[in-house]
Amino acid sequence: MNKITSALLASLFITTTTFSQGKPGTDVTAPLHALQPDYPVPYAAMSEGDIKKVLDKVFNYLDAVTPAQMINKHTGQEVTDATSFDTAYGIKPGDFRLTAYEWGVTYSGMLLAAETSGDTRYSDYVKQRLAFIAKWVPAIKKKAGEGSLKGNYVFRQPVEPHALDDAGAVCAAMIKATRSGLNKELRPLIDNYINYISQKEFRLTDGTLARNRPQKNTIWLDDLYMSVPALAQMGKLTGQTAYYDDAVKQIRQFTQRMFDKEKGLYMHGWVQDMNPHPAFYWGRANGWAIMAMVELLDVLPENHPGRSFVLQQLQAHAKGLAAYQSGSGFWHQLLNRTDSYLETSATAIYAYCLAHAVNKGWLDAKAYAPMAMLAWNAVTTKINPTGQVEGVCVGTGMAFDPAFYYHRPVNVYAAHGYGPVLLAGAEMLRLVKKDPFKINDSSLQYYTP
């Protein structure tokens, strides 16, 4: 580089820097297109190392606050003999429940993080906690059968599931752990869960999974995730096509009733005898829907007659969601209402699903990878120094007025945020391999290998 060129570059740098700080500059004296905007979240592709640091921060927090120990509640001493269960026993207190559906998502996120990072701490987390559940369930089931346990007793969900929330997400994670060879003792629990989903959960006359709350014959969009991944995984585990058929049927029949083709979004709830239906496009419920489709496509045989429908619906939903991403990378609590707050768990789910679909070739990489990266970058700004996930809407029922959704609280102990963050980070590790992201003329672009 000669002295003249060096001097020109130095002058250009000084001029650009000065102008970007608000001092005088013009299109002649400064390349305006190269000025650095004041982005609210990082605008660049995060490296594998930086993604892993975020995942590790969340992992370290969760590992510390979810002990897998049975204790005597009177003495505080650990109990290791699981041949019998006493009503004085309880799980050592932590921040989250090991058998909640949110933790089913977390187990799936841990498994994916282990797969894409090679870090066995994540899979060990799952193995130890699922083994702990399986160890104690037989004695607890026996005690419950004797009538000694009432109400929401320890590990009631795997013993006596009462709703899809009790069964689907944890069941799917258990099947994944079983299929991977990580755990070998889970089949009795899996069979109990899947029996509830397939045989006991309330359905409409056409077989659509439903609930009788808050109104009779109500379909909850959330229930796509609380059923479809478990059914799909059971199909893969057993080879029985009936499970695949039921999973595809749920996607099809929920979509017929609840998908707004114009917006490309799902309404949160549908009631059989309600007309018209107030449509509230709640962010996390749309996340459950698209994630159910992603997980179904992961295992649905290529020759299954419903595969093309599910893939086309995934693409239609992704296109709709893309139109509502905010300029900060987040999505809103109510997706089409920009005065509702920006919500973290839905954003993390979309980051995962878009990145996963790109990695699988289901979505155009050049179109969707940048928005997935922007979403992930946004999510990382909500991981506090402790490793907690901020900005997550708490558990949410169904309403037919806007105030309910606008004012749902957010809380770092809302367990719904952790699994999606792990899934998103794990999938982003795969997305950035081979360094496909480049800044070209100031914008983030994805270049396929």
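Among residue pairs with one or both ends in residues 368-383, none qualify as side chain to side chain donor-acceptor pair (under 3.5 Å); sequence neighbours excluded. Residue pairs meeting the salt bridge (Lys or Arg N to Asp or Glu O under 4.0 Å) criterion with at least one partner in residues 112-124, sequence neighbours excluded, are Lys52-Asp119, Asp56-Arg121, Glu115-Arg430, Asp119-Arg121. Among residue pairs with one or both ends in residues 156-171, those qualifying as salt bridge (Lys or Arg N to Asp or Glu O under 4.0 Å) are Arg156-Asp166, Asp165-Arg211; sequence neighbours excluded.
Between His416 and Tyr101, a ring centre-to-centre spacing shorter than 6.0 Å is recorded.
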Check residues 137-150 and write down every donor-acceptor pair under 3.5 Å in which the side-chain atom is one partner and the other belongs to a residue at least two apart or another chain.
none

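Rounding to the nearest 0.5 Å places CD of Gln250 at 10.5 Å from OG1 of Thr255.
For the side-chain hydrogen bond (donor to acceptor under 3.5 Å, both in side chains) with Tyr405, the lone residue among Gln333, His332, His268 that qualifies is His268.
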For this session: May I have the step-by-step check of salt bridge (charged side-chain N to carboxylate O under 4.0 Å, His left out) for Asp191 and Arg187, ending in yes or no?
Result: CA-CA 6 Å; Asp191 288 343; Arg187 188 59 187 266; 2.8 Å; yes
Exercise. Should Asp298 and Lys176 be marked as a salt bridge (charged side-chain N to carboxylate O under 4.0 Å, His left out) after you check the CA-CA gap, both sets of side-chain angles, and the distance that decides it?
Worked result: CA-CA 12 Å; Asp298 272 343; Lys176 292 173 188 177; over 6 Å; no
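Residues satisfying the ring pair (Phe, Tyr, Trp, His ring centres under 6.0 Å) test with Tyr122, not counting sequence neighbours, are Phe59. Taking Trp220 as the reference, nothing meets the side-chain hydrogen bond (donor to acceptor under 3.5 Å, both in side chains) condition, with sequence neighbours excluded.
Electrostatic pairing of Asp63 and Arg129 counts as a salt bridge here, judged by a charged N lying under 4.0 Å from a carboxylate O.
By the 6.0 Å and 45° rule, Arg252 stacks over the aromatic ring of Phe309.
Using the six-membered ring where Trp is involved, His356 and Trp362 have ring planes that are perpendicular, over 60° apart on the 30 and 60° scheme.
Glu185 contributes no side-chain N or O that, together with a main-chain N or O of Ala134, makes up a donor-acceptor pair within less than 3.5 Å.
Heavy atoms only, all atoms of each residue included: Ala232 and Glu295 are closest at CB-O, 4.5 Å.
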